[in-house]
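Letters go in sequence order (proteins before strands), and every chain restarts at 1. Just so it is clear, the model here is predicted, and its values are computed rather than measured.
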Amino acid sequence: MGITERIRVFKPRIGRRELFTLFLLALEVVVFSLVADHFLSYRNVLNILRNSVDLAVVAIGMTIIMIICGIDLSVGSALGVVAILVGWMLNAGVNPFFIAGVAVAAGCAIGLVNGFLICFLRIPDIVATIGTQSILRAMVFFMLGGQWLTGLPPVYGFLTRGRVWGVPVSLLVIAVFYAAFWYFLTRRPAGRRIYAVGNGLETAKLVGISARRVRTLSYVLCGGLVGFAALLYVGRLGSVEITVGNDLALSAIAATVIGGTAVTGGRGSVVGTLAGVFFMSVMKNGIVLFGIPSLWERAAVGLMIVVSIKVDLMLEKRTLRRQQQQLSKQRESAWAARRGEGAAS
Amino acid sequence: MTGKRASFLWAALFALLFTGAASAAEKTRVAFIPQLIGIPYFTAMEKGGEKAAQDLGIEFMYVGAPTASASEQVRLFENLIQQKVDAISISVLDAVSLNPVIRRARAAGIAVFTSDSDSADSERQVYVAQAMDKDLGYTLIDRLAAQCGESGQIGIVSGESTATNLNAWIAFMKERLKDKYPKMELVDVRFTSGGSSEDALRQAEELMTRFPAIKGLVAVASTTVPGVVQAVQQADMAGEVAVIGYGSPNTVRPFIKSGVMKESVLWDPWRLGYLTAWAGKRLADGKSFAAENAIPGFDAPVKYFADEKILLLGDPLVIDANNVDTFDF
């Protein structure tokens, strides 16, 4: 118990890094609203929200995975497989709540496979998830068999299009998920253990955390989120075709990195990730509203990833330098004290 | 005794090998490389090709990659050259990267032709065209013009910006708009990454936001059709914004039934696959084409244009509520 208490002592706060992304997002919004007429219209804002909702949920999972210094490239194909399962069940008229349960369970199962490969068979994260990515993509082809699911019953349309007391449900979904995971990652011992493992496997082991368990559970958690995102995808698109989730892994990683999660693990927050998600969605939206050729979208996202990582490295260097300065100061004073003792004797 | 039995076995084995080799040599092997596998469109071509193979007594090889990638097509093409098949047909994704491989295959004595998507400046022997690009572009705009009363803004959502066939159709759409429908204005042409439906949904929504008075949306790549339809449906603009595209009957059936989409323009890929296999056999046998060719099972003779070396499947097919149930692809 003492250990969890001590871990809880580190008071997490929204650091400068998240503020940087929020600032970028604000800047982007201001510039776009000045240049494009329809950018701030109610309908457009609603569109941006709705079109980010599944990415936003997956990005939470990716943030957790990247905090434990892992990476999950299989999220897109995993979402595809679950979306097809959901489509099949919708066509068969299965109870929507049951379908939702199956979707999350299927996502968790895929996450468990990833976790098993990585933590028990000790295959590096990137290699293992490239493998499952390929296998799941093949499953998407096999399951669809060259025929797409179109015109699915709009059972989950409510999750992305509906409104409760005038508030769009897509906004509520994002708010609920991000509030819950912000609380989990910053205030719960289990959440803090994720950071502990990401900061140093060996150190975490020394204080009695089972790194293997934390990492496996992180992948399961990420899988479950992907499973839920599949419901949102089906609700939003109303169809599942062969390209489902093709760019999802890269978008989620980009949002996470732009949001300030360190590629070296141990640092990051869902607040930053949410800012990253919206930064990307707004960018994509603006590019069409301005009538800029579609190709620039990828270039812009790529540029942002590089800039974000560079900012990360600079911040990290500065903290390291400060720590070293503090250390050397302490050492100097210790030596001075010892010298003083020597002189006295 | 044992010696006798052994020699008998050897003889049997030899005979087996020999007949095996002989039957493989007898059957003409015609390969087709689609842009990607796993979509209803190319699956229908595969089935048509297989039917033709049965009828003509040849082997139809359908080899493709799960993603639309030009480098994958080059790799598969080189594999087929090494296997020394008799004819290779391909739906070209990127002419620049394929032209050299096509030249190499011709040098190796393999018949090479394009089907579904062309590279006109390559050394291909014939292009099996589903319909003239011109007819497809023109028909689509004509149908759309009829739906929006020959005036108003329209937008286009396409697939990858490098897909030769999609770009050719868009060029003819523009031409038709300019020549015949001066009151219709094409506001923008958007490209989607990998032709993803999700991307198409988003960009179609954004086009409707940017141009609130837009009257028609064209989904050029078949994978973008569900996304564009969903965008119009979600915005409650069904009936006000007409959606048209090159979507297969199975894909557009629910949309035509619900009324968001009135028509879809395409051709029968099953028959295109059949014609591809037929043309492959013809080329492998060293025969040329007549100006009009009777194909077993086809109602109208297939035209051959010697100048451009094009074998034409026929007029575009307009899919609507009346005939959508008669197709399965």
Side-chain angles (χ1 to χ4, degrees), chain A residues 36-39 41-48 50-52 54-55 76 134 137-138 140-154 157 160-161 233 236-248 250-251 281 284-295 297-298, chain B residues 36-44 46-47 66-68 158-161 187-212 221-227 229-231 233-235 247-248 250-255 257-258 260 328-329:
Chain A
D37 298 338
H38 303 284
F39 177 69
S41 70
Y42 179 65
R43 201 173 92 181
N44 193 47
V45 173
L46 219 58
N47 281 348
I48 295 178
R50 192 194 312 125
N51 289 333
S52 339
D54 39 340
L55 173 64
S134 291
R137 184 53 59 185
V140 167
F141 276 87
F142 180 71
M143 288 164 82
L144 284 180
Q147 299 285 348
W148 308 333
L149 300 166
T150 50
L152 293 171
T160 54
R161 241 170 302 156
Y233 179 93
R236 187 160 69 88
L237 267 293
S239 63
V240 184
E241 44 82 53
I242 207 77
T243 66
V244 54
N246 256 353
D247 282 344
L248 184 66
L250 280 183
S251 301
S281 307
K284 285 181 173 180
N285 178 269
I287 278 172
V288 184
L289 289 193
F290 295 153
I292 300 169
S294 309
L295 281 174
E297 182 185 305
R298 290 185 197 175
Chain B
L36 74 167
I37 56 170
I39 69 169
Y41 177 78
F42 284 115
T43 307
E46 179 189 8
K47 287 187 182 145
T67 50
S158 183
E160 280 292 350
S161 55
V187 289
D188 201 355
V189 179
R190 305 302 311 177
F191 296 98
T192 51
S193 92
S196 112
S197 205
E198 196 187 346
D199 226 4
L201 163 73
R202 192 173 50 75
Q203 302 216 33
E205 274 178 348
E206 283 150 6
L207 280 177
M208 285 189 284
T209 308
R210 193 165 127 218
F211 305 102
S222 59
T223 45
T224 58
V225 175
V229 166
Q230 181 75 359
Q233 226 160 14
Q234 278 186 357
S248 75
N250 282 357
T251 305
V252 300
R253 187 171 296 120
F255 310 143
K257 297 251 150 116
S258 74
V260 203
D328 184 27
F329 63 92

Residue pair Ser193(B), Asp247(A): steps toward the side-chain hydrogen bond (donor to acceptor under 3.5 Å, both in side chains) verdict
CA-CA 8 Å; Ser193(B) 92; Asp247(A) 282 344; 2.5 Å; yes
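- Neither the backbone nor the side chain of Phe39(A) comes within contact range of chain B; no heavy atoms are under 4.5 Å apart.
- Across all their heavy atoms, His38(A) and Pro212(B) have their closest contact at CE1-CG, 3.7 Å.
- Chosen from Leu149(A), Leu289(A), Val244(A), the residue pairing most often with chain B at heavy-atom distances under 4.5 Å is Leu289(A).
- Using a 4.5 Å cut-off between heavy atoms, Phe255(B) touches chain A through its side chain atoms alone.
- Listed here is the closest heavy atom pair of Thr150(A) and Pro226(B): CG2-CG, 4.0 Å.
- Annotation: side chain of Arg190(B) is in contact with side chain of Ile287(A) (closest heavy-atom distance under 4.5 Å).
- When Glu46(B), Gln203(B), Lys257(B), Arg253(B) are compared by the number of non-hydrogen pairs under 4.5 Å with chain A, Gln203(B) comes out ahead.
- The residue among Asp54(A), Leu237(A), Val140(A), Leu152(A) with the most heavy atom pairs within less than 4.5 Å of chain B is Leu237(A).
- Ser222(B) touches chain A through backbone and side chain together, each having a heavy atom under 4.5 Å away.
- Atom CG in Asn246(A) sits 8.0 Å away from atom OG1 in Thr67(B) (nearest 0.5 Å).
- Interatomic distance, Asn47(A) CG to Gln234(B) CD, rounded to the nearest 0.5 Å: 8.0 Å.
- Annotation for Glu205(B) and Asn51(A): closest pair OE1-ND2, 2.7 Å, computed over non-hydrogen atoms.
- Heavy atoms of Ile292(A) lying under 4.5 Å from chain B belong exclusively to its backbone.
- Comment: Glu198(B) engages Arg236(A) in a salt bridge, judged by a side-chain N to carboxylate O separation of less than 4.0 angstrom.
- Between Asp37(A) atom CG and Thr209(B) atom OG1 the span is 12.0 Å, to the nearest 0.5 Å.
- With rounding to the nearest 0.5 Å, the separation of CZ in Arg202(B) from CD1 in Ile48(A) is 10.0 Å.
- Interface check for chain B: of the options Pro293(A), Gly291(A), Gly245(A), Gly238(A), the most heavy-atom pairs under 4.5 Å are formed by Gly291(A).
- Contacts between Asn250(B) and chain A at a heavy-atom distance below 4.5 Å involve backbone atoms as well as side-chain atoms.
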